[in-house]
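In what follows, chains are A, B, ... by sequence order, proteins preceding strands, each numbered from 1. FYI, side chains are in, hydrogens and waters are out, and symmetry mates aren't considered; it's all heavy atoms of this structure.
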2 protein chains.
Amino acid sequence: MSRIVKGPLQRLRKDIPLPLYYQLKELIKHQIETKAFKPHDRLPSEIELSEVYGVSRMTARRALVDLENEGFVYRESGRGTFVAEPKLRQGLRRLTSFTEDIKARGMVPGAKVREVELVSDEHVAQKLNVDATETLVKVQRVRLADNLPLALETSYLIHRYCPEIEQSDFTNISLYKVLNEQYGIYLGKAEQYLEAKSAGPLEAQVLEIEEGKSVLLMERTTYLDDNETPIEFVNSVYRSDRYRFYVELKAG
Amino acid sequence: MSRIVKGPLQRLRKDIPLPLYYQLKELIKHQIETKAFKPHDRLPSEIELSEVYGVSRMTARRALVDLENEGFVYRESGRGTFVAEPKLRQGLRRLTSFTEDIKARGMVPGAKVREVELVSDEHVAQKLNVDATETLVKVQRVRLADNLPLALETSYLIHRYCPEIEQSDFTNISLYKVLNEQYGIYLGKAEQYLEAKSAGPLEAQVLEIEEGKSVLLMERTTYLDDNETPIEFVNSVYRSDRYRFYVELKAG
DNA sequence: TTATGTCTACTGTATATACAGCTTATCATT
DNA sequence: AATGATAAGCTGTATATACAGTAGACATAA
């Protein structure tokens, strides 16, 4: 015996300060990520969503438009809203960890930890917009893809925000995951620079290439979700024969 | 004797199929670019704009929200809408020409045309998703910043879409501008790859560096505004001592 | 002096409504 | 069998309205 439910599903909470359009957006995003909606499936129309979740059409619309801007769906006038291909969801300058990046390229990521220590460094402190004497956590890892060395990655975190993080074993654990799950730190934007340079002795050794070979240097400053406070500075040196950086740009 | 104008300025045209919010957005963008509004100036409030231009508050709002998403302004709840720093307007995944890019970095862009000819090339044809025999326009230029060689840029266009474009002089003219103004071609997305490599003989010569030095290779495929049809393939080799690539990533 | 409240202006969220424009399917007509 | 009209369903644009939340300025009270 099933109970017939009329009206809204009431899965959105109107008693919390999270906007309805945001709750609906996250709910649909979750359904896409868990494959409840598959690529190129048509999502419910704006009117259907508004009826099912008990919001106005304009609110449902806002959720769909935001999802489109984030690359999760594409919309066609007169036809409907459809789930985008996963590859289109990447590429758009989304901030990804090494692990995510390599997985998306169809390889198996790995790491060998070379060094985890507390340091202070004037140059890095400047990038992180803190005092030169501020204690930093330095994590240096050789990054592997399919068990072959791909990059030498040196991360610096502000110790104050994540005390005792130096106790963690970073061989199999994503740094971003630890920040998120253990310290409740959410990331916002990242600024990233790419340039070409020649491999130095250390880089040549750990990457197993000749000294002087061209390598890709990536410098990244990661910010908290306020997009103002730097939390991490990363210096990564990639083997150029095994890695190239990809980014998708939009006109406008 | 001046005529007193009451009510809307009527600078927006309601008789053409361009949406009002779009017209207003472009108008404000133009005022920002021509410095009528300077960085950190407060723009008129949503209500002021709606009164001045004779649209509803929600329409004015849409223009401002879009401008924020494009990085031209930043909005603060309870305070207003402000013009963003130029540097913040870049970086965000916007597709830019060499000319725009260099100007944004505060240098004077230039070009020396090395070659403009009709060719066919199997490898490039594949990137452009056309038949290997398709006629392509090859434009090779040495790109200058402050009169110093910065990059060797080789563009390939599909001749069918822009016949006779090979007659143009590309020394001082942006390729994208010609596509837009002469052929009515609007660009959508671009896919871009970056890698490090060693300079070959030609590159060393035109960039005035030693052969074998590390250089940054950028490959770009540009698409029409349908985001499906490739229109251009560009191969650019940058001097690594004078250029590094910047991109801003968002979490989420 | 230092809080504390109040007022005002602004952005943020949400609803209801209307009509235009596009796409697809259906059905009637030639 | 091809053509054309029509209707239904969808997104896109636009307006009007309401109230919540935030920030700054200013006056007032402890």
*Asks:* So, does A:Y183 use its side chain to make a donor-acceptor pair with the main chain of A:P163 at under 3.5 Å?
*Replies:* yes
*Asks:* What are the 5'-most and 3'-most nucleotides of DNA chain C lying under 4.0 Å from any heavy atom of chain A?
*Replies:* C:dT13 to C:dT24
*Asks:* Looking at B:R75 and B:E46, does any basic side-chain N land under 4.0 Å from a carboxylate oxygen?
*Replies:* yes
*Asks:* Under 4.0 angstrom, heavy atoms only, what part of the nucleic acid is B:R62 near: base, sugar-phosphate, or nothing?
*Replies:* sugar-phosphate
*Asks:* Applying a 4.0 Å non-hydrogen cut-off, can you work out what A:L20 is touching in the nucleic acid: base, sugar-phosphate, or nothing?
*Replies:* sugar-phosphate
*Asks:* Quick check: on DNA chain C, is the nucleotide nearest A:R79 upstream (toward 5') of the one nearest A:Y21, or the reverse? Name the residue that is more 5'.
*Replies:* A:Y21
*Asks:* Rounded to whole angstrom units, what separation is found between the CG atom of A:L43 and the P atom of D:dT11?
*Replies:* 9 Å
*Asks:* Is there a donor-acceptor pair closer than 3.5 Å between any side-chain N or O of B:E100 and the backbone N or O of B:S97?
*Replies:* yes
*Asks:* Heavy atoms only, 4.0 Å cut-off, all strands: where does B:R57 land among base, sugar-phosphate and nothing?
*Replies:* base
*Asks:* If each of A:A60 and B:E46 is mapped to the nucleotide of DNA chain C with the nearest heavy atom, which maps nearer the 5' terminus, i.e. the 5' end?
*Replies:* B:E46
*Asks:* Take the protein atom CD of A:E48 and the nucleotide atom P of D:dT11, then report the distance between them rounded to whole Å.
*Replies:* 8 Å
*Asks:* Give a yes or no on whether a salt bridge exists between A:E166 and A:K138, defined as a side-chain N under 4.0 angstrom from a carboxylate O.
*Replies:* no
*Asks:* What I want to find out is whether A:R160 reaches A:E134 closely enough, with some N-O distance under 4.0 Å, to be called a salt bridge.
*Replies:* yes
*Asks:* Do the side chains of A:E232 and A:R220 get close enough for a salt bridge, i.e. N-O under 4.0 angstrom?
*Replies:* no
*Asks:* By nearest nucleotide on DNA chain D, pick out whichever of A:R75 and A:G78 is the more 5' one.
*Replies:* A:G78
